[in-house]
2 protein chains.
Amino acid sequence: MSSSRPLRADARRNREALLVAAREALLADEDAHVEEIARRAGVAVGTLYRHFETREALVAEVYRQEVAELCATPARLLTRHAPDEALRTFLLLLVEHAAVGRGMGEALESIMATDSPVFDDARDEMARALDELLAAGVAAGLVRGGMSGRVVLRALGGICGLRAKGWKDDALRIVTILYDGLRYGAAKRG
Amino acid sequence: MSSSRPLRADARRNREALLVAAREALLADEDAHVEEIARRAGVAVGTLYRHFETREALVAEVYRQEVAELCATPARLLTRHAPDEALRTFLLLLVEHAAVGRGMGEALESIMATDSPVFDDARDEMARALDELLAAGVAAGLVRGGMSGRVVLRALGGICGLRAKGWKDDALRIVTILYDGLRYGAAKRG
DNA sequence: CACACAAACGGAGTCCGATTCACCTTATGG
DNA sequence: CCATAAGGTGAATCGGACTCCGTTTGTGTG
């Protein structure tokens with residue numbers, strides 16, 4: 001599928017420009033219009049649609065890249081912190097990330113709460129990252145068993161969907177509830 | 001505001017028909033078109049817009065009614081169950097309700113996760129219902145303090161937004177996490 | 001009962017996005 | 001340098017929500 005001949009030079013440049021433009025535009029306004037994104041990238045809408053099936057596909061790709069970065073952190077956290085601390089820190093990190101513009105929060109929500117195939121990769125990656133944290137926690141007797149990364153992902157969807165006034169404060173409290181809920185009944189008492 | 005002269009008979013009938021039609025249509029398809037809803041109600045779109053500011057306002061009203069019912073249950077539950085059991089049961093009930101068509105889930109999510117003024121009433125009502133449960137739990141030493149109904153509401157948004165394949169199973173696990181997270185550190189150990 | 005008229009209705013038309021497509025432009029392999 | 005297929009363009013189309021105004025109708029009044 002994705003293994004056709006390499007893109008022509010100008011095509012690769014435009015594709016890149018579109019992703020950059022989309023990231024900027026979405027940061028400024030979660031429902032930036034395709035015309036606006038194309039304009040920023042210095043191309044016409046037709047070009048945008050040559051590279052991305054739909055507007056949503058473009059948005060998905062932008063956030064897939066963000067998520068990829070995010071997913072690299074659990075492994076890093078586990079080298080420096082106890083599994084439960086790593087888990088807590090990662091949850092808090094997600095809240096921070098959701099703060100980078102409503103758009104990111106919305107995308108994370110789609111990743112976490114739906115089966116939209118556009119986000120399949122991102123979802124798998126994220127679930128895997130959480131599995132890593134949970135497994136380490138369970139192994140250390142600090143986290144209850146029976147909860148998959150996928151489930152925690154779903155629970156987090158609620159945080160990322162928040163877009164109310166005092167949302168960040170609420171998000172932190174929710175992390176506390178989830179974190180304590182995950183520790184509940186673990187082998188060792190925190 | 002809402003205290004003009006009573007509606008003309010036909011107007012009241014149409015308004016009612018629109019709400020019924022919308023409930024049916026939304027149950028069948030969460031993004032039913034306004035034309036479709038109007039057709040089912042046997043009126044033209046103009047009439048729909050005479051009664052409801054926007055499509056969203058109509059949808060909000062439909063679900064506000066559902067929510068109103070739901071909000072009456074905590075009080076009832078508290079007369080029959082211990083506060084923690086009542087809390088757990090109510091959370092499970094929400095999951096069931098979210099199951100009544102994706103539309104309801106989506107609306108509940110809007111109620112829980114956003115500040116959309118359309119849902120102000122529903123949100124307040126729901127938060128009040130949860131406060132009641134939490135307060136009873138705290139008083140009995142079964143639930144941790146410091147968590148408002150509003151916060152729990154936000155946390156639940158994640159559940160209602162679920163629309164993935166194994167979502168119900170996931171929802172139940174999430175309720176477990178939240179429930180245990182809310183009991184964590186309560187005066188008495190469960 | 002007939003009339004007056006404000007309230008309510010109908011539905012074609014407007015607006016505003018995303019998406020398409022027929023026709024140009026331009027890398028690039030030979 | 002050419003041929004040509006990949007790539008680009010943007011006016012046109014499509015699909016929704018929403019508006020507007022001429023027409024119809026319920027209802028209070030004489």
Side-chain angles (χ1 to χ4, degrees), chain A residues 1-26 28-63 102-103 106-107 110 116-118, chain B residues 1-23 25-26 28-63 102-103 106-107 110 116-119:
Chain A
M1 294 298 132
S2 58
S3 60
S4 357
R5 286 320 101 113
L7 285 176
R8 229 167 71 174
D10 55 345
R12 189 167 52 266
R13 236 181 301 121
N14 282 338
R15 186 189 156 82
E16 209 46 49
L18 279 163
L19 284 169
V20 171
R23 175 174 287 113
E24 290 175 5
L26 290 170
D29 173 12
E30 61 180 316
D31 19 72
H33 299 175
V34 289
E35 294 277 4
E36 165 68 7
I37 294 175
R39 198 187 52 66
R40 277 188 192 240
V43 302
V45 284
T47 301
L48 187 155
Y49 281 99
R50 171 171 297 276
H51 290 287
F52 304 94
E53 198 70 15
T54 62
R55 179 185 182 284
E56 194 194 2
L58 168 56
V59 174
E61 179 57 17
V62 167
Y63 292 124
R102 274 300 89 77
E106 196 139 298
S110 286
S116 169
V118 213
Chain B
M1 292 297 136
S2 58
S3 60
S4 357
R5 287 319 103 118
L7 283 176
R8 230 167 69 174
D10 55 344
R12 189 165 54 266
R13 236 180 304 120
N14 282 336
R15 186 188 156 84
E16 209 46 48
L18 279 164
L19 284 168
V20 170
R23 175 174 287 112
L26 291 170
D29 173 12
E30 60 180 317
D31 19 70
H33 298 176
V34 289
E35 294 277 4
E36 165 68 7
I37 293 175
R39 198 186 53 66
R40 278 188 191 239
V43 302
V45 286
T47 301
L48 186 154
Y49 281 98
R50 167 168 300 275
H51 291 287
F52 304 94
E53 197 70 14
T54 62
R55 179 184 181 284
E56 194 194 3
L58 168 56
V59 174
E61 179 58 17
V62 167
Y63 292 125
R102 276 299 86 78
E106 197 138 299
S110 286
S116 167
V118 212
F119 290 119

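In what follows, chains are A, B, ... by sequence order, proteins preceding strands, each numbered from 1. Remember, it's a predicted structure, so these values are computed and weren't measured experimentally. The basis for the numbers below is simple: all heavy atoms, side chains too, and nothing from hydrogens, waters or symmetry mates.
- Remark: of the listed residues A:Val59, A:Val62, A:Val43, A:Leu58, A:Leu58 is the sole one forming a side chain to side chain contact (heavy atoms under 4.5 Å, CB included) with A:Ile37.
- Nearer to the 5' terminus of DNA chain C, by closest-nucleotide assignment, is the contact made by B:Arg15 (compared with the other of B:Arg15 and B:Glu35).
- At the phosphate of C:dG10, OP1 or OP2 sits under 4.0 Å from a side-chain N or O atom of B:Thr47.
- The distance from atom CZ of B:Phe52 to atom P of C:dC9 is 11 Å, rounded to the nearest whole Å.
- Residues B:Val45 and A:Val43 both approach DNA chain D. Their nearest nucleotides, taken by heavy-atom distance, put A:Val43 toward the 5′ side.
- Looking at heavy atoms from C-beta onward, A:Glu61 lies out of side-chain contact with A:His51 at the 4.5 angstrom threshold.
- As rounded to whole Å, 6 Å separates atom C1' of C:dA27 from atom CG of A:Asp10.
- The shortest distance between the side-chain N/O atoms of B:His51 and the OP1/OP2 oxygens of C:dA8 is not below 4.0 Å.
- Looking only at side-chain heavy atoms (C-beta outward), A:Arg55 and A:Asp31 come within less than 4.5 Å of each other.
- B:Leu48 has its CG atom 16 Å from the P atom of D:dC20, to the nearest Å.
- Between B:Tyr49 and the phosphate of D:dC18, there is a side-chain N or O to OP1/OP2 separation shorter than 4.0 Å.
- Regarding B:Arg12, its CZ atom lies at a distance of 16 Å from the P atom of C:dA7, rounded to whole Å.
- Remark: the backbone N or O of A:Ala21 is not paired with any side-chain donor or acceptor of A:Arg40 at under 3.5 angstrom.
- C:dA8 atom P lies 15 Å from atom CD of B:Glu16, rounded to whole Å.
- Distance CG (A:Asp31) to P (C:dC16): 15 Å, rounded to an integer number of Å.
- Residue side chain A:Arg8 reaches the base of D:dA6 through a donor-acceptor N/O pair under 3.5 Å, judged by distance alone.
- Using a 4.0 Å cut-off between charged nitrogen and carboxylate oxygen, B:Glu36 and B:Arg39 count as a salt-bridge pair.
- With hydrogens and angles ignored, a donor-acceptor pair closer than 3.5 Å exists between the side chain of A:Arg50 and the base of D:dG8.
- Nucleotide D:dG8 holds its P atom 19 Å from the CZ atom of A:Arg39, rounded to whole Å.
- Counting atom types as modelled, B:Arg55 pairs no side-chain N or O with a base atom of D:dA17 as donor and acceptor under 3.5 Å.
- For B:Leu7 and D:dG28, the CG to P distance is 13 Å, given to the nearest whole Å.
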